[in-house]
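The structure under discussion appears below in the form of structure tokens.
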Amino acid sequence: MVLTIRTTHKPATDLGFLLHKNPSRIHEVELSFGKATVVYTEADDEGCSAAMIVDVDTVGLVRGKRAGEGGLLRQYVNDRPFVASSLMSTAISRVFGTAMSGKCKERPELASISIPLEIEIGAVSCKGGLETIEKFFEPLGYEIDATSVPLDPKFPEWSATSIFNLKLSATVRLSELLGHLYVLLPSLDRSKHYWVGVDEVDKLLRRGKGWLETHPHKELIARRYLKFQERLARMAIARLSEDEGEPDPEEEIAEKEEVLVKTVRLHDARLNAVFSVLKESGARRVLDLGCGGGKLLERLLHSRQFEEIVGMDVSIIELEHAERRLRLDRLSPKAVDRIKLIHGSLVYTDNRLKGFDAAAVVEVIEHLDPSRLNSFEQSIFGFARPTLVVITTPNKEYNSLYEGLEADAMRHIDHRFEWTRSEFEDWGKAAAVAHGYGVVFSPIGPVDQVLGAPSQMAVFRLGN
Ligand code: SAH
């Protein structure tokens, strides 16, 4: 099996520092089941690719074991040496362990930034097919290119539909990407090369920290990762829900940073929640109103379901941030055609916003002057009238749980108001009734029994 990791971050050879593997050398690492070799196939300022080749010793793998399911022949003749599975995860953690833990000795700052990364895995075993691959990777912001690999091109009827050549690309931290692969490859494959016990739950939670808690398919991922052992899966799922949005207790971070980490994770949870609603609605033409620096736009652009994406903001500076984040100058012409950034305000009716399937308005309404809320309502629900509207806003009740936030203070200097759950619901229901929409509310982030969740979301659907 081969895993290739490529970056176009400048200078691209920084990848060598991040992986702790010098691009000018060949690196060999002995594994309990074989050997991993890392070689660079490209290493200049523009592009750098590291390939990890994992040779599995099938005989070594079964030595000393009883003939299990499928008998002796199955033990020796199987797909394990060729497809990415838990063996690949073990190789990743042995060979790129320091990179996966987010450390970079020579250039510590490098490990903390998101860089453009592309990976390719020659053969990924995925029971459940392309749909499962998309379910797992899309919510994490990856662009996916997966093609099913035939067993033998001469005999298409032998096609192995569960084997895919997988290419993923995203702008992420390398440590995040390695953590995603570590958990998701065995989960796609559904079988493990070793016995699955309680410590596997810990491993899953440790490697999934910071992203799995808010992944819309976390339960499926956990079940498959734990080989459908229901008791272990339930344990993992309960702990994942507890951990939602909480920072790693082992991380030694200053108090201030801790608040930042919480906020960042909450924002990710919010964006994931909104993304999932848009995705599941089947929308193809979408608006992100008050798009800010373009984090949601980035996720939308990575999913090919969204054929026309328009981001609007009142701030030119934010639009410039979004332009940089999306790398509009470097996108392929096809991708550029799918996305447009426009300057405008939500409190004016605007013909450019008409005819869309869905609109997201994420953490924006609280920036509007309360006297302009009626105009906002009119411009979205009365004039633009997308089939689906997703609005999120902070839940003011939760503020008392934020240490350091004075009573009655707001979370952001530019917030003009913050609502309790019932204030948001009253406003949302009235807007829905007035304009012929149905509305459903849900919490975002860890839910406090009394105060609710830090953020709240309303999903409006035209006509019901
Ligand atoms: N939706 C983004 C940004 C939220 S911050 C995200 O979730 O990351 C709020 C954004 O709303 C800012 O970018 C601000 O410029 C924008 N905004 C404030 N008033 C606006 C208005 N009247 N019309 C459009 N955008 C507005």
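For ligands, and for the atoms within them, numbers begin at 1 and follow the listed sequence. These values consider heavy atoms only, across backbone and side chains, with no hydrogens, waters or symmetry-generated copies. Because the structure is a prediction, the values reported are computed rather than measured.
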**OP:** Begin with the C-alpha distance, continue with both residues' side-chain angles, and end with the deciding distance and a verdict on side-chain hydrogen bond (donor to acceptor under 3.5 Å, both in side chains) for E318 and H321.
**Re:** CA-CA 5 Å; E318 290 298 332; H321 283 313; 4.9 Å; no

Original post:
Applying a heavy-atom distance cut-off of 4.0 Å, which protein residues contact ligand 1?
Top reply: H267, G290, C291, G292, D313, V314, S315, E318, G344, S345, L346, V362, E363, V364, H367, L368

Original post:
Are E42 and R6 close enough for a salt bridge, meaning some N to O gap below 4.0 Å?
Top reply: yes

Original post:
Are the side chain of R224 and the backbone of S187 linked by a donor-acceptor contact shorter than 3.5 Å?
Top reply: yes

Original post:
Is a side-chain N or O of R385 found less than 3.5 angstrom from the main chain of G355, in a donor-acceptor match?
Top reply: no

Original post:
Cut-off 3.5 Å, side chains only: do E397 and T420 have a donor facing an acceptor?
Top reply: no

Subject >> For Y348, all residues meeting ring-ring contact (aromatic ring centres under 6.0 Å, His included), sequence neighbours excluded >> reply: none

